[in-house]
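Here the structure comes first, spelled out in structure tokens, and everything after it is commentary.
Scope of the values below: all heavy atoms of this structure, side chains included, with no hydrogens, waters or symmetry mates. Order of listing sets the numbers, starting from 1, for every ligand and every atom in it.
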Amino acid sequence: MVGSFGLGALELGVATAATQIEGGNADTNWHAWARTPGHIVDGSSPSRAADHWNRVADDTALLARMGIKHYRMGLEWARVEPRPGEFDEEAIAHYVEELRGLQAAGIRPLVTLHHFNNPMWFEELGGFASPKAVAIFTRYAERMVTALRDLVSEWITINEPNIYATHAYLFGTWPPGKRSVRTLLKVFTNLAVAHIRAYELIHELQPEAKVGVANHLRVFEPLRSWNPLHKASAWGMAYLFQDAITRAMSVGRFLAPFTQPKGLKPGQYYDFQGINYYSRSTVRSFADGTAKRVPINDLGWEIYPQGIVDVATAINARYPGPIYITENGTADTTDAFRSRFLYEHLQALVRSELPVVRYYHWCFTDNWEWLEGESARFGLVHLDYETQTRQVKASGRFYSDMIANNGVTSRAYDTYVASSEYRTNA
Ligand code: FCB
């Protein structure tokens with residue numbers, strides 16, 4: 001039947017991150033960064049966002065109404081540990097309450113411990129560049145896993161170590177705005193060691209837990225496949241940006257430019273491979289680039305559905321095991337092409353023979369998008385920031401329909417996908 005396909009064993013969920021939806025004035029690196037004019041394109045701050053902290057019950061009810069069974073959410077470290085080693089029982093109780101609500105609604109959580117968000121006291125100590133970072137992060141992880149383990153069995157330690165480290169310590173566009181290759185390598189190493197130690201610790205506290213990293217993976221394509229310089233750039237960028245760090249985090253092997261940390265043994269440090277996939281980079285030198293005459297989203301990122309299979313294939317060859325697509329989504333203010341985007345990425349996954357068992361769409365609702373602030377809309381649910389009204393978009397209805405039917409029916413294809421069209425950067 002035209003356009004239809006089944007999802008098989010692939011289960012659908014949605015993803016969020018604490019700093020991007022909660023609102024309020026937690027003392028984080030991002031709240032501080034947003035206070036400097038010019039840092040955030042629209043001058044907004046995470047203190048509004050989706051006001052989720054005050055609307056948890058309504059948002060859970062909305063997830064349930066949409067038929068969503070898997071929810072990836074983050075914790076705001078600065079809320080639960082406002083001062084070094086001092087934990088805020090009320091904030092922890094808030095998350096317990098939220099997780100109980102999800103459980104009652106039959107929604108399974110996947111909880112992220114670190115999603116670009118540092119408490120300011122940690123940032124001031126040097127964040128992940130500090131020699132104390134691993135001990136500080138594992139203390140936080142231990143407290144949270146102990147508090148939440150009755151309600152959570154799936155964890156992401158660190159979200160997108162490569163995006164975080166390069167933007168914060170190489171390009172200097174994210175807090176703390178540093179540009180130093182030496183510090184970058186230190187941060188990368190500490191993030192990997194923090195993940196490995198947290199992986200071991202979580203398994204001690206909760207032997208049946210499933211633990212992984214949400215790796216940001218991109219396709220790097222040479223602009224001209226015959227050009228040796230373009231080819232070398234694509235290979236080098238992929239290696240430095242994602243391959244070396246994914247190896248360190250997955251199996252504890254630190255190849256150049258890293259050095260093997262003392263006392264750290266290679267092993268298997270993942271129960272699933274988490275993949276955040278958004279786009280393809282087409283390169284001809286050591287700089288990012290986008291091909292011409294290709295479909296793009298509102299931020300100019302190429303829409304390249306085959307890429308989700310390409311990155312998952314590469315990961316699966318090196319680190320076999322279950323794959324969770326921990327994020328995939330697109331900036332589409334008018335919801336003009338999100339349904340097609342969903343359709344094509346899911347179809348590519350289902351047609352591959354890969355062990356992809358979860359897909360979490362980024363994002364549940366429109367949210368505070370880091371440097372883009374409130375200006376880039378990734379949600380399946382529209383958010384009116386002024387009134388905080390939520391309204392399910394057509395793509396959100398399509399998503400619910402796919403969950404209900406375990407796939408795309410030809411009717412859903414006609415209703416949501418047939419008229420959903422990309423624009424190109426021609
Ligand atoms: C990823 C981030 C996520 C969101 C999406 C659009 O890099 O993990 O928080 O910003 O991009």
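- Given atom 5 (C) of ligand 1, the protein heavy atom at minimum distance is Y278 OH, 3.2 Å.
- E327 OE1, 3.4 Å is the protein heavy atom nearest to atom 2 (C) of ligand 1.
- Judged by distance alone, with hydrogens and angles left aside, the side-chain atoms of N367 form no donor-acceptor pair with the main-chain N or O of I21 at under 3.5 Å.
- Ion pairing between a basic and an acidic side chain is recognised when a charged N comes within 4.0 Å of a carboxylate O; D335 and R397 show no such pairing.
- Of all the atoms in ligand 1, the ones that sit under 4.0 Å from a non-hydrogen atom of H115 are 2 (C), 3 (C), 8 (O), 9 (O).
- Side-chain atoms of N159 and T112 include no donor-acceptor pair closer than 3.5 Å.
- Backbone and side-chain nitrogen or oxygen atoms of W362 are examined, and none is located within less than 3.5 angstrom of a nitrogen or oxygen of ligand 1.
- Counting heavy atoms closer than 4.0 Å to ligand 1, residue N159 contributes side-chain atoms (C-beta onward) but none from N, CA, C or O.
- Looking at atom 7 (O) of ligand 1, its nearest protein heavy atom turns out to be E160 OE1, 2.5 Å.
- At the top of the distance list for atom 6 (C) of ligand 1, counting protein heavy atoms only, stands E369 OE2, 3.3 Å.
- Between R79 and E90 no salt bridge is recorded (no basic side-chain N to carboxylate O distance below 4.0 Å).
- In this structure, E81 pairs ionically with R139, as a charged nitrogen and a carboxylate oxygen lie closer than 4.0 Å.
- Distance check, rounded to the nearest 0.5 Å: CG of N162 to CD1 of I245 gives 7.5 Å.
- Note: no N/O pair closer than 3.5 Å links W301 and ligand 1 by distance alone.
- Side-chain contact check for N118 and Y164: at least one donor-acceptor pair (N or O, by modelled atom type) lies under 3.5 Å.
- Under a 4.0 Å criterion applied to the non-hydrogen atoms of F378, ligand 1 contributes the atoms 6 (C).
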